[in-house]
Amino acid sequence: MAAEQWFANLSFYVVALVTLASALGVVLARQVIHAACLLLPTLAGIAALFALLGGHLLMAIQILVYVGAINVLIIFAVLLLHRQVDRQRRILAGTQHLFAGVTGAGAVTLALVVGALFSNLPQLVGGEQGRFGDDVVAGIGEMFLTKYLLAFELTGILLLVTMIGAIVLARKERDQ
Amino acid sequence: MPIDDLTQVSVQLHLTVLAILVLALDLVIPRRGTWGLLWNKLPAGVATAGLLLGLYPVALLWGIGPRTEFSGCLAINNFVLFFQGIFLVVGALVILLSIDFFRNLRQGYNEYFSLIVFLVLGMTVLAAANDLVVLVVAFELVSIPSYVLAAYLRRDPKSNEAGLKYFLYGAAASAMMLYGLTIVYGLGGTTNLLALGEKLEAHVIAGGGLLAPLALVLMGVGLGYKIAMAPFHAWAPDVYEGAPTPVTTLLSVGPKAAGFAIVARVLWQLGQPLLGGWPMLVAILATLTMFTGNLLALRQTNMKRMLAYSSIAHAGYMLIAVVVGPNTEWAAQSLVFYIGAYVLMNVGAFAVAILVERNAGNALIASYDGLARSAPLAAAAMGIFLLSLTGIPGTVGFVGKFLLFGAAINSQTWWWLALVGIINSVISLYYYMNVVRVMYFSKARHLERIRWSAGVAAVICVTLAGTLALGIAPMPLLSITAHASYLAAYF
């Protein structure tokens, strides 16, 4: 038991360190592409923190939405900015060591996430699992349609408004 | 899902349907033929009528008694309902001001009115939010349309700058507020504002710690930004100057009023357990806000910038009521009364500013040279609005300030805030009267004649009538606000 507790603490500190260090990197990086790439371990680290707290569903959503979709989209957007393509390629070519570091950090994070998933760590650090029992997904789904119904519906409206706003500001002007 | 719950959000449902309806009108109205003349009037007309119609469900809910609905997510009481009524009126007035201003807009006409209705929707929820999650969503529902509206003149670099600045400041402030709310949730273990009050008390009794004051300060950053409180006011002058003037009008009254509703409710509920000395902290910030706004307004040459600093100063006056708030009933009443008065006089002043700006092509105070001769009615109206903003007897602004400073003196502890407020009113007299001097006593005559538009004229008439009538006979508004404050204590 003591060993497990020790491992739980260790994994928290490692994940926290990776997350904070890469978050600092995002802010301090001089090249946009570096910042975009460093965002990867930051977001993955947050997913790992969710996993350590027993929020497996949140972890999955965090990885699917933020790591898998939004961050990839950001990297694409940076790379596809026309005049910058060559420059970005050059920057990327010269920074294999950075990528090695990022990949390494990502691998450590991922290993911790997987480790946390298959151990009983969440119970040790006092997670939220107990609240919904085993069926976390059903529990969260039910909360959305009962206690947080209003916030849930409002979020839908918020997304609609954001979409309207983005279209209004970004579309081409029509000549009349 | 009991149908009873839905009647409690009838205002919000009404506004959602209205916003989508206004948006969809664009699809069904042809721009040629007999409808051609109507296409740009119709969405504005529907939005105005719809917003004013929203006062009916507000009136139905009025006076039933304070309660929370939707699993405690939404507080419904007269205090909140009064604010919701104000937002609906503000939305309608701003739309009337916008019709002529945006008549050359190439596209995005319906979207503009739709976004205003969505913004009003966000404000009605923000004022009523009784749950941290709803508070955050509503905060964004107010913020995001504001950013878009501030940047609406896409060919105007200043408008783009305003939108971007507002967005960057807003994003940072929202993030700060979220940190604060996270800590509050961590300390209290619930997101419900009412329950949080009790849970946090227990936390304080158990020893507390530095986290609670930190949470309060972080929340203050986010909410202080919304009401343009110093030292988080820096965005206001640039955004107010760059945004299209009807949008500036909306920003200077709408989100500010919504911010005050939630600031008052959060501080009166959570202030004491989070940081016992919060009234002193807010009192110092109120003093800072009043002096910053008024002193920086002195040297402005642009009308919109001057009114921006003036609106910062007014946030300072209103904060007096928040400080005094929890101790006396008078304070809650003075806050709601002042918000009502401020809406009338500030929208009025901006309406004249829009009129002059449309005719002169710029918003410089120099354009008001000799306005009394070229447009005596507009100049007289502007003079009265500015007198009211100063707080001269006979106007609604005087009654508002009388109540605010009266509440401060009445509380005994905070009498010195009334003194600060009076000193600041004297300072403000200088820059408000400078505009009157330019209009009436300047030898030059910048504009030969003024071309009026129906919407602006209507807004000036309504706000002028309100400013004068309620200044001379404030009883109707006093009795409404008395009801609004009587129930505020219970949430």
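Values below: every heavy atom of this structure, side chains too, minus hydrogens, waters and symmetry copies. Just so it is clear: chains get the letters A, B, ... in the order the sequence lines come, proteins before strands, and each one is counted from 1.
Within a 6.0 Å sphere centred on CZ of Phe101(B), other residues, nucleotides and ligands contribute more than 12 heavy atoms.
Within the 4.5 angstrom heavy-atom criterion, only side-chain atoms of Leu115(B), from C-beta onward, approach chain A. For Leu135(B), no part lies under 4.5 angstrom from a heavy atom of chain A. Contact annotation for Leu149(B): neither backbone nor side-chain heavy atoms come within less than 4.5 Å of a heavy atom of chain A. Residue contact with chain A, scored on non-hydrogen atoms closer than 4.5 Å, is absent for Val136(B).
Rounding to the nearest 0.5 Å gives a distance of 12.0 Å between OG1 of Thr146(A) and CZ of Phe70(B). Taking CD1 of Ile157(A) as the start and CD1 of Ile20(B) as the end, the distance is 7.0 Å to the nearest 0.5 Å. Here CG of Leu158(A) is found 12.5 Å from CZ of Phe139(B). Values are rounded to the nearest 0.5 Å.
Residues Tyr148(A) and Asp131(B) form a side-chain contact, since some pair of their non-hydrogen atoms from C-beta on lies under 4.5 Å apart. Using a 4.5 Å cut-off on side-chain heavy atoms (C-beta onward), Val137(B) and Phe152(A) make no contact. In this structure, Arg154(B) and Arg171(A) have side chains that are in contact, with non-hydrogen atoms separated by less than 4.5 Å.
Nearest approach of Glu111(B) to Ile164(A), heavy atoms of both residues: CG-CG2, 4.0 Å. For the pair Ser71(B) and Lys147(A), the tightest heavy-atom approach, listed with the atom from each and the gap, is OG-CA, 3.5 Å. Closest of all the heavy-atom pairs between Val134(B) and Ala151(A) is CG2-CB, 4.0 Å. Scanning both residues, Ala151(B) and Leu169(A), for their nearest heavy atoms gives O-CD2, 3.8 Å. In plain terms, the two heavy atoms of Pro145(B) and Val161(A) that are nearest each other are CG-CG1, 3.6 Å.
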